[in-house]
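Notes follow the structure.
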Number of protein chains: 2
Amino acid sequence: MNKSVGIKDVAAAAGVSVTTVSHVLNDVVYARVGAETRERVHEAARRLGYGPNRLAQALRTQRSGMIGFISEEIATTPHAGRIILGAEETARARGYRIMIINSTSTSSQDSRENDVADLLDRQVDGILYATMYHRKLVVPKNLVGLPAVLVDSEDISHTVSSVIPDEIAGARSAVQTLIDAGHTRIGMLNNTDDVPATHSRLKAFKDTLADAGLPYHEELVQSEASEVPGGHQAALRLLKTPSRPTAVFCYNDRMAMGAYRAAGELGLRIPDDISIVGFDNQQLIAENIYPALTTVALPHYEMGAWATENLIDAIEGKTDLQLFAAHPTLLPCPLVLRDSVASPKHQDASSRAAPGSPTHANT
Amino acid sequence: MNKSVGIKDVAAAAGVSVTTVSHVLNDVVYARVGAETRERVHEAARRLGYGPNRLAQALRTQRSGMIGFISEEIATTPHAGRIILGAEETARARGYRIMIINSTSTSSQDSRENDVADLLDRQVDGILYATMYHRKLVVPKNLVGLPAVLVDSEDISHTVSSVIPDEIAGARSAVQTLIDAGHTRIGMLNNTDDVPATHSRLKAFKDTLADAGLPYHEELVQSEASEVPGGHQAALRLLKTPSRPTAVFCYNDRMAMGAYRAAGELGLRIPDDISIVGFDNQQLIAENIYPALTTVALPHYEMGAWATENLIDAIEGKTDLQLFAAHPTLLPCPLVLRDSVASPKHQDASSRAAPGSPTHANT
DNA sequence: GGACGTGGGAGACCAATGAACAAGTCGGTT
DNA sequence: AACCGACTTGTTCATTGGTCTCCCACGTCC
């Protein structure tokens with residue numbers, strides 16, 4: 001096409017050397033250039049529509065202004081988009097761009113190392129490594145020593161810094177909002193996978209109950225696969241216990257969706273007969289089921305932003321990421337209030353709605 | 001850190017010149033290098049873990065191997081992830097990488113041009129421009145003439161090639177599946193926005209009815225905002241008409257979700273009393289509502305892949321994108337069969353389920 | 001006439017590619 | 001015996017688009 005304009009075109013147009021053009025356009029402090037020459041250069045650059053070739057620049061300065069972003073399963077979860085967005089926006093604000101590589105949670109350690117090497121060949125200044133849910137992983141070994149931050153996961157050996165959601169605090173606030181509404185018999189629908197969230201959310205559940213002086217019974221926690229059918233099954237078991245809880249804290253929004261169905265089948269209205277809170281704030285679900293679900297948001301955007309901000313600080317020598325490596329940084333999980341929580345009806349806990357009685361369907 | 005190895009390190013290790021290393025590593029056809037030397041070079045490169053500096057390479061060859069991806073609202077729709085994934089995977093398979101820039105549908109024409117210029121400064125070989133839903137747009141003027149493909153939108157002036165979903169065929173197959181199940185009174189819940197999909201899906205609805213010799217009545221189409229509440233309202237109107245349809249084609253899955261709620265409230269079971277088909281195949285909804293929703297999938301992954309494949313072909317001179325510019329390329333929208341469609345019960349159409357009768361909740 | 005200040009340029013360098021050229025070998029020719 | 005290609009095997013050098021470290025020319029001042 002139209003041969004793109006280079007610095008030498010600007011130099012010729014302004015009648016100066018390329019060195020001078022570089023000096024004025026980069027505002028080099030030690031450069032001594034007359035005001036009039038300066039103006040000529042700027043004018044010529046503007047007129048020709050000059051933009052520096054970032055590759056040539058990168059080659060010389062050893063700084064590409066590019067950040068590699070390795071993400072597992074970019075597409076399987078809407079959350080990934082939020083992380084990318086957080087990373088992209090803060091990177092851009094600081095003059096960096098994001099180069100994306102998609103990986104899978106099942107890919108071999110070798111292939112992970114290749115992804116890193118690949119990015120390194122392209123001279124990225126740093127690497128963001130994101131997983132699709134919070135977990136502990138062994139990082140590719142060529143990642144250590146580099147400016148790098150893990151997003152939504154922890155390095156099992158604690159050599160790479162990382163940022164994760166504060167599950168405990170988030171789960172506590174979810175349970176607390178139930179307690180604050182006056183509930184004293186609260187159940188939980190938990191996940192069966194051995195991931196950090198399963199344990200932290202359960203621990204937060206127990207601790208919050210204990211702090212409030214509320215009793216905890218084994219049968220109040222029912223576990224199943226963390227999908228809608230699992231939530232449905234677990235909720236059915238939970239809601240059929242002799243002393244039915246008046247509120248349920250769900251491992252995630254999908255299980256909560258299953259709980260909605262179970263409640264509907266048992267003729268229980270939400271939130272009148274039973275309050276429900278979820279986790280994850282998957283908008284498509286939480287906003288759209290009826291009544292809208294009160295849940296805990298995962299700070300995906302914020303994690304992407306935090307990781308990028310600190311990665312760039314490290315790249316620019318303003319921070320030492322090693323300082324963060326020992327412990328993951330925790331970001332708050334804010335409670336999102338919607339319509340699925342209410343005060344329990346003050347009547348004898350044994351008075352149950354007759355199954356099959358007229359009721360609104362919960363969608 | 002460890003000074004990364006360059007071609008000259010390999011050259012030194014193998015006892016040859018850098019040119020020779022370049023020649024053997026790139027398998028340059030006209031290079032005459034002895035087999036033994038070749039082996040020495042390969043061995044040295046392997047031993048040192050050499051990988052070429054892609055930036056230097058790009059500078060010299062005027063080909064960066066990078067594709068710019070401008071996406072509107074990366075995070076607002078899960079669909080964007082599928083497009084990115086399709087683009088990333090096919091790009092990677094061909095040795096290219098994706099550089100992402102997030103834009104917004106509200107950003108000014110100037111800012112769009114800046115995004116393109118930005119990518120150009122970084123020497124991308126081509127540009128993918130994706131929107132979050134199918135629409136017509138005026139492209140940044142510095143995009144024309146470049147290797148570029150629009151994903152999920154059309155250039156209003158038809159100068160840039162693009163790929164979009166085949167809405168018509170997709171909608172037809174949705175309606176047809178209802179007809180094939182034996183339905184003769186079919187309603188539609190449509191969107192109120194003036195976007196291409198609103199018109200194509202309606203047209204496909206009417207045409208398919210006509211082709212099957214089925215009558216079309218105005219009151220069979222109810223329009224509202226294309227979200228759950230809109231679907232709920234529109235479905236309520238539609239299902240309360242004197243001659244209630246036995247099947248409903250919904251503009252999208254969110255409206256279908258609203259229809260589920262309306263059906264539940266009216267004591268209508270899906271699919272026994274009413275069959276429903278959606279559009280979009282938003283997995284979080286379609287797979288999780290009860291019963292699972294039969295719907296039409298939008299080929300996001302495929303559009304990303306097609307666009308990238310053809311963009312790279314154009315970059316490599318194997319294709320002329322101008323050939324595609326006049327008409328957008330249509331990709332099929334496959335029907336995804338789940339559980340929300342059944343044959344209508346063969347009884348008098350006036351026998352209605354009594355509202356409020358015992359029923360499963362539809363979640 | 002040396003020191004100093006001002007305005008600007010030459011040329012190396014970053015890590016590669018690629019066109020042109022050079023050195024060594026060998027068989028054949030005159 | 002000397003020379004002449006032809007072939008093999010590598011190397012030299014310019015180039016890509018910038019940045020950056022000197023360096024130089026010219027005035028001026030004391």
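Only this structure's heavy atoms are used, side chains among them; waters, hydrogens and symmetry mates stay out. Naming convention: chains lettered A, B, ... in sequence-line order (proteins, then strands); numbering from 1 in each chain.
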Would you list the pairs meeting ring-ring contact (aromatic ring centres under 6.0 Å, His included) in which at least one residue belongs to residues 307-330 of chain B, sequence neighbours left out? B:Trp306-B:Phe324
Quick one: ring-ring contact (aromatic ring centres under 6.0 Å, His included) pairs with a partner in residues 124-162 of chain A, sequence neighbours left out? none
State which residues pass side chain to side chain donor-acceptor pair (under 3.5 Å) with [X]; sequence neighbours excluded, sorted by chain then number.
| X | value |
| --- | --- |
| B:Arg92 | A:Asp115, B:Glu88 |
| A:Glu316 | A:Arg94, A:Tyr96, A:Lys318 |
| A:Ser108 | none |

Pull out every residue in residues 35-48 of chain B that has a heavy atom closer than 4.0 Å to any atom of DNA chain D, ordered by number, or say none. B:Thr37
For residues 144-152 of chain B, tabulate all N or O donor-acceptor pairs below 3.5 Å that involve a side-chain atom, not counting sequence neighbours.
none

Let me check something: any side-chain donor-acceptor pairs from residues 17-24 of chain A under 3.5 Å, sequence neighbours excluded? List them with distances.
from: A:Ser17; atom 1: OG; to: A:Thr19; atom 2: N; distance (Å): 3.4
from: A:Ser17; atom 1: OG; to: A:Thr20; atom 2: N; distance (Å): 3.2
from: A:Ser17; atom 1: OG; to: A:Thr20; atom 2: OG1; distance (Å): 3.2
from: A:Ser22; atom 1: OG; to: A:Asn26; atom 2: ND2; distance (Å): 3.3

Starting at atom [atom1] of [X], determine the distance to atom [atom2] of [N], rounded to an integer number of angstrom.
| X | N | atom1 | atom2 | result |
| --- | --- | --- | --- | --- |
| A:Leu59 | C:dC13 | CG | C1' | 9 Å |
| A:Asp9 | D:dG17 | CG | P | 9 Å |
| B:Arg63 | D:dT15 | CZ | P | 22 Å |
| A:Gln62 | C:dA12 | CD | P | 19 Å |

Side-chain donor-acceptor contact under 3.5 Å, B:Ser105 with B:Glu73: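 Note: B:Ser105 and B:Glu73 side chains meet the donor-acceptor criterion.
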Within the sub-3.5 Å range, which N or O atoms of nucleotides 18-21 of chain D have a protein N or O partner, and how far apart are they?
from: D:dG18; atom 1: OP1; to: A:Asn53; atom 2: N; distance (Å): 3.0
from: D:dG18; atom 1: OP2; to: A:Ile7; atom 2: N; distance (Å): 2.4
from: D:dG18; atom 1: O5'; to: A:Tyr50; atom 2: OH; distance (Å): 2.9
from: D:dT19; atom 1: OP1; to: A:Asn26; atom 2: ND2; distance (Å): 3.0
from: D:dT19; atom 1: OP1; to: A:Gln57; atom 2: NE2; distance (Å): 2.7
from: D:dT19; atom 1: OP2; to: A:Ser22; atom 2: OG; distance (Å): 2.7
from: D:dT19; atom 1: OP2; to: A:Asn26; atom 2: ND2; distance (Å): 3.2
from: D:dT19; atom 1: O2; to: A:Arg60; atom 2: NH1; distance (Å): 2.2
from: D:dC20; atom 1: N4; to: A:Thr19; atom 2: OG1; distance (Å): 3.2
from: D:dT21; atom 1: OP2; to: A:Tyr30; atom 2: OH; distance (Å): 3.3

